[in-house]
Amino acid sequence: MWKTVTDHWIEGRTLEYSMTDDPDKTVMVVGVGEMKKEIVYLKETISDLKAPPGMDGYDLAAFTDRYDSTKSQLRLRITGISSILERIRTRCLNYASKIEHQLAAQKGADSFLMSVQNEVNTYFLSRSEDTYQKLRKATDLLGSKSPEDNALLLTSIRRAIHSATNYFYPPVQSEVVCVDGKARQMGNDQYLNRLYEFVMKSFYKSTSTELIKAELEYLMVFAKKINEIASKGVHSEVSESEAKQGLLGLYLFLANVIEKLEYETPNKSMQPTANASAD
């Protein structure tokens, strides 16, 4: 940091000429707070450099020649200070513009994520209170720094996935022949089987459906990892960052599923007949 600051300081105050007798000394060592004051002082000094009245021609010529040389040096210093001030203003403006663009981009991203969250929450609020509450619980735990809350966040995400699955595909006691021709258990504990089967049967083949399938694959890997951790009673194997990614993945997946349910005509046999309670 100090190297960067020093480099910027030297670059901003280096002139193409020297203000001293040493031609190599081209860096003007002046604080920003003193620059404007010095410009005012130099201008006043130039105005005061006048020959005294009543001088004869030879003395007046000598004084004028000497004062003109001094004035030139002072004006040169004013020009140098003004150039340095302009460089500093330009650097500050560029930095402020960069930060402004970053904030605008961040605001757009935050707005998008908020709209996704609101869309999903609103959908389940009117259809499955259980899923809505579990999603809210996971969201409330998201900003906590407590290790205990991080562990609860993982559990909350798993319960939210389970509850959403129960809404889309309620548990079935008997085995079900899946789209791949294999018979599988579709009970309460086999919620990942049910979620996968729901997606496979509910939507027409399209690019957006392939995207949902890819998101589902990621979500299932994450859910399986949480299940393994829960069975071992160890929560430190998943970091806070991974938990956040898992919750974000769940919201994006549910948002895409909801959108397709609203704009496509799904297989009617796959629609939930009752809202089963989650664990």
Side-chain angles (χ1 to χ4, degrees), residues 109 111-139 156-227 242-279:
S111 177
F112 166 72
L113 294 176
M114 186 175 295
S115 66
V116 169
Q117 184 182 29
N118 288 337
E119 178 185 351
V120 173
N121 288 346
T122 301
Y123 180 87
F124 284 108
L125 179 61
S126 60
R127 294 169 174 82
S128 173
E129 179 70 18
D130 182 76
T131 304
Y132 170 77
Q133 292 298 339
K134 286 180 170 54
L135 287 170
R136 288 294 304 272
K137 176 66 174 178
T139 303
S156 297
I157 294 173
R158 179 178 64 84
R159 289 177 175 173
I161 298 172
H162 195 159
S163 181
T165 303
N166 286 347
Y167 169 75
F168 291 125
Y169 193 135
V172 179
Q173 297 302 322
S174 58
E175 286 189 344
V176 175
V177 178
C178 301
V179 291
D180 59 1
K182 296 181 180 180
R184 292 184 176 87
Q185 293 289 334
M186 295 293 185
N188 184 63
D189 292 337
Q190 292 79 35
Y191 65 98
L192 294 181
N193 286 350
R194 289 185 280 122
L195 184 58
Y196 186 83
E197 188 67 7
F198 166 75
V199 172
M200 293 302 106
K201 283 189 175 181
S202 293
F203 305 121
Y204 300 112
K205 185 176 181 180
S206 65
T207 302
S208 59
T209 299
E210 293 302 316
L211 174 61
I212 289 181
K213 290 179 180 179
E215 292 175 338
L216 176 60
E217 293 288 348
Y218 166 78
L219 192 62
M220 290 181 67
V221 170
F222 183 80
K224 289 176 181 177
K225 187 171 184 179
I226 295 178
N227 290 339
E242 288 176 310
K244 290 180 179 179
Q245 291 177 16
L247 183 59
L248 176 61
L250 173 59
Y251 265 105
L252 291 175
F253 168 75
L254 291 176
N256 286 328
V257 168
I258 291 168
E259 182 179 6
K260 290 189 72 65
L261 286 175
E262 292 180 347
Y263 290 98
E264 290 187 8
T265 303
N267 187 327
K268 298 298 182 181
S269 64
M270 291 302 300
Q271 292 306 293
T273 56
N275 287 346
S277 62
D279 61 341

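Predicted model only: the values in this text are computed from it and were never measured.
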>> What verdict does the side-chain contact (heavy atoms from CB on, under 4.5 Å) test give for Glu197 and Val179, after you've listed the backbone C-alpha separation in whole Å, the side-chain angles of each residue and the deciding distance to 0.1 Å?
In response: CA-CA 7 Å; Glu197 188 67 7; Val179 291; 3.6 Å; yes
> Where do Asp180 and Tyr196 land on the side-chain contact (heavy atoms from CB on, under 4.5 Å) test, with the steps shown first?
Replying inline: CA-CA 11 Å; Asp180 59 1; Tyr196 186 83; over 6 Å; no
> Can you list the steps and then say if Val257 with Leu216 is a side-chain contact (heavy atoms from CB on, under 4.5 Å)?
Replying inline: CA-CA 10 Å; Val257 168; Leu216 176 60; over 6 Å; no
>> Checking Tyr169 against Asn193 for the side-chain hydrogen bond (donor to acceptor under 3.5 Å, both in side chains) test, could you report, in this order, the C-alpha distance in whole Å, the side-chain angles of both residues, the deciding distance, and whether it holds?
In response: CA-CA 10 Å; Tyr169 193 135; Asn193 286 350; over 6 Å; no
> Between Ser163 and Gln133, does a side-chain contact (heavy atoms from CB on, under 4.5 Å) hold up when you go through it step by step?
Replying inline: CA-CA 10 Å; Ser163 181; Gln133 292 298 339; over 6 Å; no
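Atoms CG and OG, from Leu247 and Ser156 in turn, are 9.5 Å apart once rounded to the nearest 0.5 Å. Interatomic distance, Lys225 NZ to Arg158 CZ, rounded to the nearest 0.5 Å: 15.5 Å. In this structure, NZ on Lys260 lies 3.5 Å from OG1 on Thr209, to the nearest 0.5 angstrom. With rounding to the nearest 0.5 angstrom, the CD atom of Gln245 is 10.5 Å from the CD1 atom of Ile157. To the nearest 0.5 Å, atom NE2 of residue His162 and atom CG of residue Asp130 are 9.5 Å apart. Note that the CG atom of Leu252 and the CG atom of Leu113 stand 7.0 Å from one another [nearest 0.5 Å].
Sorted by first and then second residue, the side chain to side chain donor-acceptor pair (under 3.5 Å) pairs involving residues 212-221 (not counting sequence neighbours) are Glu215-Asn256.
Looking at Val120 and Leu250, their side chains never come closer than 4.5 Å, going by heavy atoms from C-beta outward. Looking at heavy atoms from C-beta onward, Tyr123 lies out of side-chain contact with Leu254 at the 4.5 angstrom threshold.
Under the ring-ring contact (aromatic ring centres under 6.0 Å, His included) test applied with Phe168, the options Phe253, Tyr191, Phe198, Phe203 reduce to a single match, Phe198. Each of Thr131, Leu195, Asn188 was compared with Asn166 under the side chain to side chain contact (heavy atoms under 4.5 Å, CB included) criterion, and only Asn188 meets it.
For Glu119, the salt bridge (Lys or Arg N to Asp or Glu O under 4.0 Å) criterion is met by no residue, not counting sequence neighbours.
Atom CZ of Arg184 has more than 12 neighbouring heavy atoms from other residues, nucleotides or ligands inside a 6.0 Å radius.
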